[in-house]
Amino acid sequence: MTPPSEHRDFVRQIIEDDNASGKWGSRVHTRFPPEPNGYLHIGHAKSICLNFGIAKEYGGLCNLRFDDTNPEKEDVEYVDSIMEDVRWLGFDWEDRLFYASDYFEQLYAWAEKLICDGKAYVCSLSLEEIRSGRGTPTEPGANSIYRDRSVEENLDLFRRMRAGEFPEGAHVLRAKIDMAHKHMLLRDPIMYRIRFAEHHRTGNKWCIYPTYDYTHGQSDSLEKITHSICTLEFENHRPLYDWYCDALGIHHPQQIEFNRLNLTYTMMSKRRLLELVQAGTVTGWDDPRMPTICGLRRRGYTPEAVRSFCASVGVTKHNATMDMVVLENHIREDLNKRAERRMAVLNPVRVVITNYPEGQIEELDAINNPEDPAAGSRKVPFSRELYIEAEDFMEEPPKKFFRLAPGREVRLRWAYFITCTDVVKDASGNVTEIRCTYDPATRGGDAPDGRKVKATLHWVSASHAVPTEVRLYDHLFMKEDPDAVDDPSLDWKSNLNPNSLQIISNAMLEPSLKTAVAGDRFQFERMGYFCADKDSQPGRPVFNRTVTLKDAWAKEQQK
RNA sequence: AACCCGGUGGUGUAAUCGGUAACACAACAGAUUUUGGUUCUGUUUUUCCAGGUUCGAGUCCUGGCCGGGUUACCA
């Protein structure tokens with residue numbers, strides 16, 4: 001899709017410049033540092049591809065590190081899913097799996113050092129007092145009355161905080177920087193808070209937990225990271241990370257901020273995605289409508305498509321929103337080459353070939369993938385009664401409708417030319433049966449006399465068809481920007497698409513599809529790419545539509 | 001109002017000492033096609049504004065304007 005280019009994004013340019021100048025001794029070491037408080041989404045995939053991709057391209061290393069400093073929101077369920085998703089994407093952290101919680105002891109020792117250096121103090125103000133004392137962006141904050149406690153008192157209190165002698169909220173440890181600083185973050189930020197919470201890894205060993213800001217930079221430092229690549233919203237935090245590294249006199253990685261990925265018709269907020277899961281709006285984190293990696297996987301996306309999409313999105317310093325169709329084009333491009341074709345009728349209507357012998361069955365050859373000769377061919381049974389797509393017939397066709405209509409001849413894929421001779425309708429006028437004749441000379445789909453038809457339809461032999469459930473997905477949200485609401489009393493949830501899932505309970509599959517197992521991907525000819533769901537039963541696969549094919553007729557109809 | 005960061009077709013990006021604004025997607029038109037798919041060809045559309053420096057500015061300077069982030073004991 002995107003041709004190979006000499007272009008390097010600004011992050012890679014920085015790395016190449018550093019390698020050229022020998023800044024890090026030509027060492028490149030990155031990391032992907034998720035918090036295990038939710039499932040990874042396509043936005044994380046961009047970050048994973050960037051960090052692991054850069055390490056690979058420049059002969060460096062990339063760590064996986066869990067930034068697990070908030071025990072109240074984190075869980076091993078998330079840790080496990082994150083590892084699974086990173087692996088599925090095709091990346092390997094080898095023996096470099098780390099947890100910020102592994103550094104708690106070191107972080108604590110460093111906190112004592114900052115206390116001893118007069119650079120941190122125990123503050124006993126309440127949450128509200130700290131907040132109000134911080135000032136506003138335009139007004140300086142006020143020094144805490146505890147700011148000038150002695151080193152001895154600070155050390156004593158901090159050790160007793162760790163020992164569990166104080167209730168939550170009684171004290172915090174703050175860095176002593178500058179309450180009048182222009183950066184709000186540098187107005188004596190919190191380093192430690194008391195939390196009697198069980199941590200998913202350290203259990204009840206700790207009742208004080210370091211904040212992210214006090215942890216993140218030092219974790220990178222401990223791992224000897226050279227380039228700490230993160231998203232734009234951490235730009236404001238860089239001076240604070242710098243302050244900690246400098247105050248501690250430790251290895252100081254270079255932080256580089258890039259723009260996070262946004263996609264139309266969906267959202268990347270872990271908080272909101274969790275809300276959808278908890279409210280039952282979706283069936284879970286892996287609901288195929290979710291932008292999560294596991295959701296995309298279940299939807300039928302391949303790691304290759306996700307990676308090529310991530311490689312194409314662009315790494316810059318300004319906010320951007322990618323069009324969902326770009327993601328969809330990447331999976332189409334991948335699956336077009338790889339997915340075998342099958343025939344499946346989603347909205348069946350019966351066709352009777354009146355001049356075809358009753359009881360006769362022919363096994364016809366069907367090519368599995370015209371894009372890949374190595375995929376070979378299969379047999380498809382043909383008989384007197386078939387199903388075709390209801391949308392492929394119109395009794396009174398408009399100008400540009402090329403498909404079946406009374407008196408018109410079309411081709412059945414890999415089978416015969418048929419001509420519609422009659423239409424049977426029920427009392428309310430619905431078409432219940434279409435009667436056709438076939439031309440035996442066109443077996444396989446070619447007319448020896450060279451005559452042409454304007455349409456080729458997919459079909460399934462009625463007596464051989466495998467009835468099953470197919471799930472069709474549409475955008476999670478009706479608007480490109482889920483936050484766009486006209487009525488101020490409404491929020492993003494009002495933009496949820498009520499038709500994001502359409503369940504078809506009686507789709508008809510060609511018999512070869514009967515043995516499909518979860519994860520199998522096919523192109524249902526003319527309908528789209530589909531992936532067998534984990535809800536499949538032996539002999540009765542359930543399919544998710546990954547994405548439709550491009551549809552020139554649908555576009556024509558919208559005019 | 002403060003601080004930080006940004007503004008290039010509809011969207012995402014490129015233009016690396018200042019030298020013809022280009023690529024992909026989308027849109028539109030056509031060709032090919034046993035998928036109205038794929039593939040191929042063509043067309044439309046671009047430097048936030050105003051000054052300045054210069055033979056020459058998307059790029060440098062000044063001043064505006066607009067957008068995002070920050071004001072958690074979240075990350």
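Reminder, nothing fancy here: chain letters follow the sequence lines and each chain counts from 1.
Nucleotides B/A24 and B/G19 have their P atoms positioned 23 Å apart, rounded to a whole Å.
Put simply, the residue from A/Tyr108, A/Phe166, A/Tyr121, A/Trp110 that forms a ring-ring contact (aromatic ring centres under 6.0 Å, His included) with A/Phe158 is A/Tyr108. Exactly one of A/Tyr387, A/Phe382, A/Trp414, A/Tyr416 qualifies for a ring-ring contact (aromatic ring centres under 6.0 Å, His included) with A/Trp459. That residue is A/Phe382. Each of A/Trp206, A/Tyr214, A/Tyr212 was checked for a ring-ring contact (aromatic ring centres under 6.0 Å, His included) with A/Tyr192, and the lone residue meeting it is A/Tyr214.
Comparing A/Phe401 and A/Tyr212, the nucleotide of RNA chain B nearest to each residue sits closer to the 5' end for A/Phe401. Map A/Val172 and A/Phe10 each onto its nearest nucleotide of RNA chain B; the residue landing nearer the 5' end is A/Phe10.
Of the candidates B/U35, B/C74, B/G12, B/G12 carries the atom nearest the A/Met322 side chain, counting heavy atoms from C-beta on. When distances are taken from the side chain of A/Pro137 to each of B/A15, B/A2, B/G68, the shortest belongs to B/A2.
We find that CG of A/Leu261 is positioned 10 Å from P of B/U13, with the value rounded to whole Å. Note: CD1 (A/Ile130) to P (B/U71) measures 15 Å, nearest angstrom. At whole-Å resolution of the value, CZ in A/Arg8 and C1' in B/U13 are 15 Å apart. Between the NE2 atom of A/His199 and the P atom of B/A75 there is a distance of 10 Å, given to the nearest Å. The CZ-P distance, from A/Arg238 to B/C3, rounds to 17 Å in whole Å. A/Leu549 has its CG atom 19 Å from the P atom of B/U33, to the nearest Å. In this structure, A/Leu232 places its CG atom 19 Å from P of B/C3, rounding to the nearest Å. One can place CD1 of A/Ile190 at 5 Å from C1' of B/C73, the figure rounded to the nearest angstrom.
Pairing for B/G67 is with B/C5, a Watson-Crick or G-U wobble pair whose two hydrogen-bonding atom distances lie under 3.5 Å. Of the nucleotides present, none pairs with B/C74 by Watson-Crick or G-U wobble criteria with both distances under 3.5 Å. Within the shown strands, nothing qualifies as a pairing partner of B/G18 under the Watson-Crick or G-U definition with both distances less than 3.5 Å. Pairing for B/C25 goes to B/G10, judged as Watson-Crick or G-U wobble with the two contacts each under 3.5 Å. In a base pair of the Watson-Crick type (N1 to N3 plus N6-O4 or O6-N4) or a G-U wobble (N1-O2 and O6-N3), with each distance short of 3.5 Å, B/A31 is matched with B/U39. The partner of B/U62 is B/A50, judged by Watson-Crick or G-U wobble contacts that both fall below 3.5 Å.
A/Thr442 comes within contact range of no nucleotide atom at all, as no heavy-atom separation falls under 4.0 Å. A/Asp446 comes within contact range of at least one nucleobase, with a heavy-atom separation under 4.0 Å. Base engagement by A/Glu371 is indicated by at least one non-hydrogen atom pair under 4.0 Å involving a base atom. As judged by a 4.0 angstrom heavy-atom cut-off over every strand, A/Glu525 is placed among the base-contacting residues. Residue contacts shown for A/Pro370 include a base, since a base heavy atom lies under 4.0 Å away. Within the nucleic acid shown, A/Thr264 has no heavy atom closer than 4.0 Å to any nucleic acid atom.
Salt bridge A/Arg238/A/Asp242: absent, no basic N to carboxylate O contact under 4.0 Å. Note on A/Arg12 versus A/Asp17: no salt bridge recorded, every NZ/NE/NH1/NH2 to OD/OE distance being 4.0 Å or above.
For the atom pair NZ (A/Lys317) and CD (A/Glu235), the distance works out to 4.0 Å, reported to the nearest 0.5 Å.
Heavy atoms from other residues, nucleotides or ligands lying under 6.0 Å from NZ of A/Lys400 number 12 at most.
Judged by distance alone, the side chain of A/Asn51 and the main-chain N or O of A/Ser47 form a donor-acceptor pair under 3.5 Å. Side-chain atoms of A/Arg187 come within 3.5 Å of backbone N or O of A/Arg134 as a donor-acceptor pair.
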Polar-atom pairs under 3.5 Å, protein N or O versus N or O of nucleotides 27-30 of chain B: list them with distances, or write none.
from: B/A27; atom 1: OP1; to: A/Lys555; atom 2: NZ; distance (Å): 2.8
from: B/A27; atom 1: OP2; to: A/Lys555; atom 2: NZ; distance (Å): 3.3

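Between A/Lys550 and B/A26 there is a side-chain N or O to OP1 or OP2 distance below 4.0 Å.
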